[in-house]
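This report refers to the structure that appears directly beneath it.
All residue numbers refer to positions in the sequence shown, counting from 1. Computed over heavy atoms, backbone and side chain alike; hydrogens, waters and symmetry mates excluded.
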Amino acid sequence: MVAYTLEFTNMNTLKFRNMKKVFVLMAMMALALTASAGDVIVNGIRVPSGYQAHIEYSNLVFLKDGETGMSLSTTHGFFYTENMHVGLGIGLIVAPEETYVPVFTSAKYVFNPIGKKVSPTAQMRLGSVFADGATPYADVAFGFRFASDRDFAFSVLMAGSYYAPFNTEVWTYNPVNNKDYYTIEERNLSCISLRVGIEW
């Protein structure tokens, strides 16, 4: 009985050691694949590949009344080729009257990025802005991407954004009768903007 117990324990130890070796080998292979996928460098410039996160800041000029605002957004996705990045994003639009939250899909195309520090870039977004409800919008931008020898780049783009007009309630307090009342006003966030972003 004792010998059986010792043999059983040794077999479990052997199985555990073998499994441990398999896991270590798999981890090393995964690291090697990741390193080889991310280490493609041409003329000292890293070729875009794999997962990339973007943070972008924009100065906005609204077309309806010429007032200004700002926007901050983040996009997360993948370079499926060295040219095409596709991802999902969320942002914050600070307008004179109110703050809005856009949620969108993003596609960015980098022209001739292999071995180039400066590449023309086009970007398109489709999504919705959430205020009193969901309002569709579309966004197109053109500019340049500035790459480095590391997995890092920044971009400067001019963008045009169309937002479907929507109605919103504007509440006002009347001290005469001590009551709040509201009016319905149309909002139109369509704008042009200068967009500066970083990716890593």
Side-chain angles (χ1 to χ4, degrees), residues 38 42 45-166 168 186-200:
V42 179
I45 303 299
R46 187 182 300 277
V47 176
S49 63
Y51 167 80
Q52 292 286 337
H54 297 238
I55 293 180
E56 294 170 309
Y57 170 83
S58 302
N59 283 327
L60 312 176
V61 179
F62 298 103
L63 299 178
K64 182 179 179 181
D65 48 23
E67 292 193 77
T68 59
M70 59 167 282
S71 171
L72 188 66
S73 63
T74 180
T75 307
H76 299 264
F78 292 87
F79 273 101
Y80 290 94
T81 69
E82 65 271 9
N83 302 98
M84 178 64 75
H85 180 273
V86 179
L88 298 174
I90 189 170
L92 195 66
I93 299 172
V94 181
E97 307 88 359
E98 201 172 338
T99 300
Y100 305 93
V101 177
V103 177
F104 54 87
T105 59
S106 171
K108 181 180 283 188
Y109 190 86
V110 181
F111 296 87
N112 303 321
I114 300 178
K116 304 290 186 181
K117 286 193 174 182
V118 182
S119 301
T121 302
Q123 184 184 41
M124 184 176 70
R125 293 176 176 176
L126 294 173
S128 296
V129 170
F130 292 91
D132 292 337
T135 299
Y137 87 99
D139 182 301
V140 177
F142 298 95
F144 295 93
R145 178 184 184 270
F146 301 86
S148 70
D149 58 348
R150 300 184 180 276
D151 202 9
F152 173 85
F154 72 95
S155 58
V156 179
L157 305 100
M158 288 295 300
S161 306
Y162 169 77
Y163 297 84
F166 59 93
T168 187
E186 184 183 79
R187 293 279 191 265
N188 190 336
L189 300 177
S190 295
C191 61
I192 57 173
S193 62
L194 175 64
R195 181 176 298 164
V196 179
I198 61 173
E199 66 181 60
W200 70 95

Exercise answer: donor-acceptor pairs, residues 92-101 side-chain atoms, under 3.5 Å, sequence neighbours excluded:
residue, atom, partner, partner atom, Å
Tyr100, OH, Arg187, NE, 3.3

> If you take all heavy atoms of Ile45 and Lys117, which pair is closest and at what distance?
Replying inline: CD1-CG, 3.3 Å

> Should the ring pair Tyr51 and His76 be called parallel, tilted or perpendicular, given that the plane angle runs from 0 to 90° and is split at 30 and 60?
Replying inline: parallel

I'd like a table of donor-acceptor pairs (distance under 3.5 Å, sequence neighbours excluded) in which one partner is a side-chain atom from residues 153-166, with atom names and distances.
residue, atom, partner, partner atom, Å
Ser161, OG, Asp139, OD2, 2.6

> Less than 4.5 Å apart, any side-chain heavy atom of Lys64 and any of Ser190?
Replying inline: no

>> Tell me whether Thr81 contacts the main-chain N or O of Asn83 through its side chain, where contact means a donor paired with an acceptor under 3.5 Å.
In response: yes

>> I want to check something: taking the side chain as every heavy atom from C-beta on, are Thr121 and Lys108 in contact at a cut-off of under 4.5 Å?
In response: yes

>> For Arg145, is there any backbone N or O sitting under 3.5 Å from a side-chain donor or acceptor partner on Ser119?
In response: no

> So do the side chains of Asn188 and Leu63 get within less than 4.5 Å of each other, counting heavy atoms only?
Replying inline: no

>> Could you work out, with ring pair (Phe, Tyr, Trp, His ring centres under 6.0 Å) as the rule, every residue matching Tyr109, not counting sequence neighbours?
In response: Phe111

> Does the Asn59 side chain pair with the main chain of Met70, one donor and one acceptor, at a distance under 3.5 Å?
Replying inline: no

>> Can a donor-acceptor pair be found, under 3.5 Å and without considering hydrogens, that links the side chain of Thr105 to the backbone of Leu126?
In response: yes

> Below 4.5 Å, heavy atoms only, C-beta onward: do Arg125 and Pro102 meet side chain to side chain?
Replying inline: no

